[in-house]
Amino acid sequence: MRILHLSDTHLDRFDGPNKHGVNATQSLRRMLADLAAVRDIDVVVVSGDVADDGSPEAYGAAREIVGEFASARNVPVLYSTGNHDERGAFTKILGSGHLDPSGNDRADSVIATGRGERAAVSVIDGYRFITLDSLVPEKGYGWISEEQLTWLRGVLEEPAPHGTVLVFHHPPITLDVEVQRSLGLRNPADLADAIRGSDVQLILCGHFHLQIFGYLESSAVWVTPGVVSRIDLTAPARTERAVRGASATLVQLGTPTSPMFHTLHARDPQVGETVYELDEPQLRAVIEKLGQES
Ligand SMILES: [Fe+2]
């Protein structure tokens, strides 16, 4: 099983430069164009912040651009929601988020909650993929609701032939930096409880726009860098710098040394150029605005 893991495409309703001067649509197109020669992909996963503006047009662009890549390879695409996504528009255009190579909804089962959360299951070649919805409207941090965790426990009661992969936006692991602690998944212990003793072998996330590997219980956790921009910890402490350079991950499962992760970088002539820099007060303001529980 080879997964192409994309995240944080941050598409807008228009195909042009965003407020930071990055054309998100072009960034996605460039990433996928540079993946043209990558073969044997079995599924494409997009772990949230599909849209930057939550518009139906942005989901339509994702559906068209990622869908074209997937249909040429005859593989499904699984989307999950992120903090920038809007559940109504997401659902209108992407349904459960699980699409077959022709763009039809292919989820084996979905959750229905009063808040319209998007969580769904698809078994692909014996691997069970479960997308969860960690979006908290108006906030930057993530939370997986008790309803979803109860549903997840029920789904996991029966193991899948080759194990389970969870996909959601907000990482349940963080490096020891405040912005990640404040804006990551706020209830990782609840998720750890829900997957303990289950066949979950891998968790795929995005959100931080950088790659991290760690564990939650006995499951590997991979955070893939962003398609729209890349962040790392080379900026001075308590500040943040995003640079150009669309990236993605090829994930290999099912071999004796799996899971394995290979980060792929688009050949962007502007790679490494600064997209934005937040100084200490600016980053503090972001954390206060988006990290405060209401
Ligand atoms: Fe995000």
Side-chain angles (χ1 to χ4, degrees), residues 5-13 18-20 22 24-25 27-28 31 45-55 58-59 61-62 66 78-87 89-90 94 97 117-119 131-145 148 166-175 177-188 191 203-212 214 221-233 235 240-249 275-276 278 282-283 285-294:
H5 181 195
L6 307 171
S7 198
D8 297 271
T9 47
H10 286 266
L11 300 176
D12 287 298
R13 69 189 72 221
N18 63 18
K19 65 178 176 183
H20 301 301
V22 176
T25 313
S27 196
L28 175 60
M31 184 76 250
V45 160
V46 188
S47 56
D49 284 357
V50 178
D52 193 71
D53 61 3
S55 68
Y59 295 108
V66 183
L78 313 178
Y79 297 92
S80 75
T81 50
N83 50 303
H84 284 262
D85 287 308
E86 200 283 311
R87 286 179 180 137
F90 179 102
L94 301 176
E117 292 163 314
R118 309 310 302 161
T131 50
L132 297 172
D133 185 343
S134 56
L135 156 67
V136 179
E138 317 278 303
K139 295 295 170 188
Y141 65 83
W143 186 269
I144 299 175
S145 67
Q148 286 188 71
L166 301 184
V167 179
F168 54 89
H169 188 62
H170 298 81
I173 56 170
T174 60
L175 295 166
V177 289
E178 193 187 358
V179 66
Q180 293 187 7
R181 282 197 305 271
S182 302
L183 301 183
L185 187 73
R186 285 283 175 86
N187 60 337
L191 179 64
I203 296 173
L204 297 176
C205 298
H207 187 47
F208 291 158
H209 294 217
L210 48 74
Q211 62 269 49
I212 316 178
V221 179
W222 176 254
V223 183
T224 192
V227 171
V228 73
S229 65
R230 200 161 52 72
I231 294 170
D232 64 25
L233 299 188
E240 183 168 284
R241 178 170 56 226
V243 298
R244 284 181 188 256
S247 305
T249 303
V275 173
Y276 67 81
L278 299 177
Q282 287 169 324
L283 185 57
V286 168
I287 290 170
E288 276 171 16
K289 179 168 176 236
L290 299 177
Q292 222 163 57
E293 288 184 31
S294 42

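Quick note: numbers below take in every heavy atom, side chains included, and nothing from hydrogens, waters or symmetry partners. All ligand and atom numbering here is 1-based and tracks the order in the structure.
Side-chain contact check for T249 and Q211: no donor-acceptor pair (N or O, by modelled atom type) lies under 3.5 Å.
If you run side-chain hydrogen bond (donor to acceptor under 3.5 Å, both in side chains) between Y276 and each of E240, Q282, K19, R241, only E240 comes through.
Under the rule for a side-chain hydrogen bond (donor to acceptor under 3.5 Å, both in side chains), T9 has no partner lying at least two apart in sequence or in another chain. In this structure, the side-chain contact (heavy atoms from CB on, under 4.5 Å) partners of T25, at least two apart in sequence or on a different chain, are L11, D15, N23, R29, I65. Among residues two or more places apart in sequence or in another chain, the salt bridge (charged side-chain N to carboxylate O under 4.0 Å, His left out) test is passed with E138 by none.
Centroid-to-centroid, the aromatic rings of H20 and H10 stay 6.0 Å apart or farther.
Protein N/O/S atoms closer than 2.8 Å to the Fe ion (ligand 1), listed by chain and residue number, are D49 OD2, N83 OD1, H169 NE2, H207 ND1.
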